[in-house]
Undergrad: 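This is the structure I want to talk about, given as structure tokens.
Every chain is numbered from 1 and lettered A, B, ... according to where its sequence line falls, protein lines coming before strand lines. Quick note: numbers below take in every heavy atom, side chains included, and nothing from hydrogens, waters or symmetry partners.
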Protein chains: 2
Amino acid sequence: MNAAVGERSPLTVPEGVDERWVTSDRIGLQLIRLIRLIERQRVIKAKKEGVERAAYVLLARLVIEGPHRSNALAEAVHSDPSTVSRQIAALVKVGFVERRPDPADGRACLLAATAEGHRVFAANRDLRNRWISDVTSDWDETDRERLVDLMDRFTTALENHHESDATGVEEDR
Amino acid sequence: MNAAVGERSPLTVPEGVDERWVTSDRIGLQLIRLIRLIERQRVIKAKKEGVERAAYVLLARLVIEGPHRSNALAEAVHSDPSTVSRQIAALVKVGFVERRPDPADGRACLLAATAEGHRVFAANRDLRNRWISDVTSDWDETDRERLVDLMDRFTTALENHHESDATGVEEDR
DNA sequence: GTGCATAGTTGTACCGAACAAGCGATTGTA
DNA sequence: TACAATCGCTTGTTCGGTACAACTATGCAC
């Protein structure tokens, strides 16, 4: 599983170019593997709780970064405004988020996490963190930090990389 | 965006425990961010090509690791057999995969990528790799390798970690 | 040879997301 | 002050991808 590069005999190796190809390949494969795995976990877990699981990411955003407009939120999480709108509606209904008028623009409204929203999010966050700590229990802290730094860097690179020419990973997951 | 730890004043820091909490927290946040972003790319890209995009991961598996039984494949990619069955059917229909009798068990059949399947996959793989190389064009190779090694390690840890107690990341993405 | 386990398929439902069209309120201009 | 264009958000609809559950059928093993 972990190995498997396939094709491209290692004999060819013209001049370092191929080395990069191989690493890119491995990155792609790992991304696919990781994402599929986490999606799976999601589905396993997706039974309890009243609110749509997908909505939690919005709650997280509101808790961590403070009030946002709906559209800004959508952009921040790379979702469609309509999607966010529905998710927010659900969060409002259960009282985790509240709408306030936006002083800057009369027709907009600011979304903010309620006290209850904060509480719920914190609980979930702790759960998640415990889980991650568990999974990485035999890692030393330096490696964990290295991982997160590199992931951050990678994701940021992805975000900055012209969104238009999207090609790749999704193609064969 | 990148920062934002929220809660838990850094002043508290009892005895290193909290340091781990913070890192776990960052990992969780990064996972969410990364996954959401890639999902988005997928949707953007998901227009051309005849075969279900999700099926490509199976093709990849068959090309890289050789023939599999359908159920084995399902397990390998953490999907339901029914899902895989349908996806394979699609791949067979377009001629990227073929069924062969399994010598070891008469009622099973082995799935294998056809020559055409190999070709299509290779093309996609190159595309994907070019994209990844692009995104990381200003990284030095060592960092790219570090990233992939850590990701691999993390995903493997995830896989090994009792699938039963799934908790966390999916909770608020 | 005969139950019986097992490999795989099909029916159905659901979730999450996107696209597109609509609605209403605002702002800014005549 | 009135009207048009814009903007922020919501609703209608569709689709992809998946899982669960029930079913079929085939060869295994005793």
Undergrad: Excluding sequence neighbours, so at least two apart, what forms side-chain contact (heavy atoms from CB on, under 4.5 Å) with Asp138(B)?
TA: none
Undergrad: Distances for protein N/O vs nucleotides 1-4 of chain D N/O pairs under 3.5 angstrom?
TA:
none

Undergrad: Provide the full list of salt bridge (charged side-chain N to carboxylate O under 4.0 Å, His left out) pairs with a residue in residues 83-92 of chain B, sequence neighbours left out, each pair given once.
TA: none
Undergrad: I want to check one thing: is the phosphate of dC15(C), taken as OP1 and OP2, less than 4.0 Å away from some side-chain N or O of Arg42(A)?
TA: no
Undergrad: Quick one, give me the B/S/- string for nucleotides 2-11 of chain C, reading 5' to 3', where B means a protein heavy atom under 4.0 Å from the base and S means that only happens at the primed atoms, P, OP1 or OP2.
TA: ---BBSSBBB
Undergrad: Answer yes or no: does a side-chain N or O of Gln87(B) lie under 4.0 Å from OP1 or OP2 of dT18(D)?
TA: yes
Undergrad: Under the rule for salt bridge (charged side-chain N to carboxylate O under 4.0 Å, His left out), what residues qualify as partners of Asp149(A), not counting sequence neighbours?
TA: Arg26(B)
Undergrad: Mind calculating the distance between CD (Glu75(A)) and P (dC7(D)) to the nearest angstrom?
TA: 14 Å
Undergrad: In this structure, how many angstroms lie between the C1' atom of dA17(C) and the CD atom of Glu39(A), rounded?
TA: 12 Å
Undergrad: Find the distance His78(B):NE2 to dA19(D):P and express it as a whole number of Å.
TA: 11 Å
Undergrad: Could you pull out all residues at least two apart from Arg144(A) that satisfy side-chain hydrogen bond (donor to acceptor under 3.5 Å, both in side chains)?
TA: Thr136(A), Glu141(A), Ser24(B)
Undergrad: Thr83(B) side chain to Ser79(B) main-chain N or O, any donor-acceptor pair under 3.5 Å?
TA: no
Undergrad: By side-chain hydrogen bond (donor to acceptor under 3.5 Å, both in side chains), which residues pair with Arg107(A), not counting sequence neighbours?
TA: Asp105(A)
Undergrad: Applying salt bridge (charged side-chain N to carboxylate O under 4.0 Å, His left out), which residue pairs with at least one partner in residues 90-101 of chain B are found, sequence neighbours left out?
TA: Glu98(B)-Arg100(B)
Undergrad: From CD1 of Ile35(A) over to P of dT18(D), roughly how many Å is that when rounded to an integer?
TA: 12 Å
Undergrad: Measure the distance from CD on Gln41(B) to C1' on dA17(C) and round it to the nearest whole Å.
TA: 16 Å
Undergrad: Run the salt bridge (charged side-chain N to carboxylate O under 4.0 Å, His left out) test against Glu75(A) and tell me which residues pass, sequence neighbours left out.
TA: none
